[in-house]
Q: 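Supplied in structure tokens, the structure appears directly below.
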Protein chains: 2
Amino acid sequence: MPDSSESIELNIRDEFSASSARAAVVSVVRAYGIVQRLMATYFAQFDLTPPQFQLLTIVNRLRKPTQRQLARELYVSFPNVTVMLDRIEKAGLILRFPNVEDKREKLVELSERGRSLLKKIWKVHQEQLDLVMVGLTETEQKQLTRLLHKMIAAHTNTTE
Amino acid sequence: MPDSSESIELNIRDEFSASSARAAVVSVVRAYGIVQRLMATYFAQFDLTPPQFQLLTIVNRLRKPTQRQLARELYVSFPNVTVMLDRIEKAGLILRFPNVEDKREKLVELSERGRSLLKKIWKVHQEQLDLVMVGLTETEQKQLTRLLHKMIAAHTNTTE
DNA sequence: GCACATTAGTTAATGTATTAACTAATTGAC
DNA sequence: GTCAATTAGTTAATACATTAACTAATGTGC
């Protein structure tokens with residue numbers, strides 16, 4: 001049963017008190033957690049998860065996309081799209097049918113049920129988004145968006 | 001094969017162009033995605049995932065915490081801690097032993113291997129954090145942290 | 001001191017996400 | 001025209017995360 005006083009060494013740097021980068025990264029992660037929790041609770045009312053909702057909105061916007069297109073738009077792996085579509089197809093929210101011009105591809109579309117569910121959610125969705133940002137004024141929200149866009153741009157330029 | 005022009009209705013609000021809250025939420029989610037990707041790639045070198053690294057740092061800081069304490073500190077469910085500990089215990093990075101004063105509890109501790117791995121990572125971890133925020137000046141990083149803290153505070157006040 | 005509630009941890013079921021390894025359809029070199 | 005390479009999608013293995021349902025230990029009322 002080792003009673004180590006050895007972790008002191010690490011604890012010195014444990015706080016990273018000098019680093020503004022660390023503080024920023026940690027707050028991004030925390031903020032995301034809050035967004036996730038709020039949205040998950042909200043979407044559960046409709047028997048949806050936040051990623052499923054996101055998927056539905058993109059299927060709607062793209063109009064019969066291939067699964068490949070969906071993955072790119074969602075910034076998610078291709079197999080993940082397959083599995084997510086399997087589920088919401090089983091729930092009757094989307095339809096998949098092969099593209100006659102290229103039989104490798106499958107085109108995805110909202111079902112009548114998916115379309116009406118999306119309409120229903122949309123009516124109250126904006127209020128939820130406002131609720132997430134309730135602590136900030138509109139000016140601050142715009143400032144936050146600007147800063148995060150700048151941070152994001154530094155990576156998307158080099159990656160894509 | 002329904003060729004619907006029905007989604008137009010939704011597409012009107014699809015952009016949410018008027019909402020600064022939506023833009024802010026979306027950018028938080030995108031920024032988190034970038035943090036996740038970078039960190040996952042980085043930690044993979046050490047055969048760790050970001051949550052596993054986070055777990056190790058907290059075990060180190062708390063000094064023989066119970067699993068309950070870990071869950072609270074990680075903002076994660078209790079069963080999740082069990083499963084994550086199972087894995088990193090199997091990898092030989094932590095030890096679990098029952099608390100003699102309350103045999104329901106298990107105390108968690110870094111193994112020698114876990115401690116030395118953590119030390120190794122720590123040496124270069126700060127650089128990774130700086131890399132995430134490379135697009136922002138230090139002033140902007142602090143501004144970002146301040147805004148996110150304010151946003152977070154609006155929720156933690158009511159929730160905790 | 002015994003029954004009941006509480007607390008700590010685990011197990012099971014489900015959903016999200018990844019990479020690696022596969023099948024099937026298309027394209028392209030020759 | 002046929003064989004190889006590419007592309008679209010699926011399946012398998014693994015990890016993270018949740019809630020619900022369980023076991024085991026502790027504490028409390030009486």
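All of these numbers come straight from a predicted model, not from anything done at the bench. Lettering follows sequence order; numbering is per chain, from 1.
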Q: Does any part of the side chain of B:Leu144, heavy atoms only, come nearer than 4.5 Å to the side chain of A:Leu148, both counted from C-beta?
A: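 They are in side-chain contact.
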Q: Can you give one letter per nucleotide of nucleotides 2-7 of chain C, going 5' to 3': B for a protein heavy atom under 4.0 Å from the base, S for sugar-phosphate only, - for none?
A: -----B
Q: Quick one: are A:Thr82 and A:Phe78 in side-chain contact, heavy atoms under 4.5 Å?
A: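 In short, these two side chains do not touch, never coming nearer than 4.5 Å.
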Q: Measure the spacing between NZ of B:Lys64 and OG1 of B:Thr66 and express it to the nearest 0.5 Å.
A: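 Between B:Lys64 NZ and B:Thr66 OG1, I get 13.5 Å after rounding to 0.5 Å.
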Q: Separation of A:Leu85 atom CG from D:dA8 atom P, in whole Å?
A: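 Whole-Å distance recorded here is 15 Å.
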Q: Using atom NZ of A:Lys106 as one end and atom P of D:dG9 as the other, report the distance to the nearest whole Å.
A: 8 Å
Q: Calculate the interatomic distance between B:Leu56 atom CG and D:dA15 atom C1'; express it in whole Å.
A: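 Rounded to whole Å, this separation is 15 Å.
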Q: Given atom CG of A:Leu107 and atom P of D:dA8, what is their separation to the nearest angstrom?
A: 12 Å
Q: Roughly how many Å is it from CD in B:Glu105 to P in C:dT10, rounded to a whole number?
A: 12 Å
Q: For the pair made of CG in A:Leu70 and P in D:dT10, what is the distance, rounded to whole Å?
A: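 Value for this atom pair: 11 Å.
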Q: Taking CD from B:Gln67 and C1' from D:dA17, how many angstroms apart are they, rounded to a whole number?
A: 16 Å
Q: Between B:Val76 and B:Leu55, is any pair of side-chain heavy atoms under 4.5 Å apart?
A: no
Q: May I ask you to decide whether B:Arg68 forms a salt bridge with B:Glu105, counting only side-chain N to carboxylate O separations under 4.0 Å?
A: no
Q: Scan B:Arg146, B:Gln141, B:Met151, B:His149 and name whichever one has a side-chain contact (heavy atoms from CB on, under 4.5 Å) with A:Ser27.
A: B:His149
Q: Are the aromatic ring centres of B:His125 and B:Phe43 under 6.0 angstrom apart?
A: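 Under 6.0 Å, so yes.
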Q: If you define the side chain from C-beta out and look only at heavy atoms, does anything of B:Phe97 sit under 4.5 Å from B:Glu109?
A: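 Yes, close enough: below the 4.5 Å cut-off.
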Q: What does nucleotides 11-22 of chain C look like as a protein-contact string, B for base, S for sugar-phosphate only, - for none, at under 4.0 angstrom between heavy atoms?
A: B---SBBBBB--
Q: If you define the side chain from C-beta out and look only at heavy atoms, does anything of A:Gln67 sit under 4.5 Å from A:Met84?
A: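 A:Gln67 vs A:Met84: side chains apart.
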Q: Between atom NZ in A:Lys103 and atom P in C:dT26, what is the gap in whole Å?
A: 6 Å
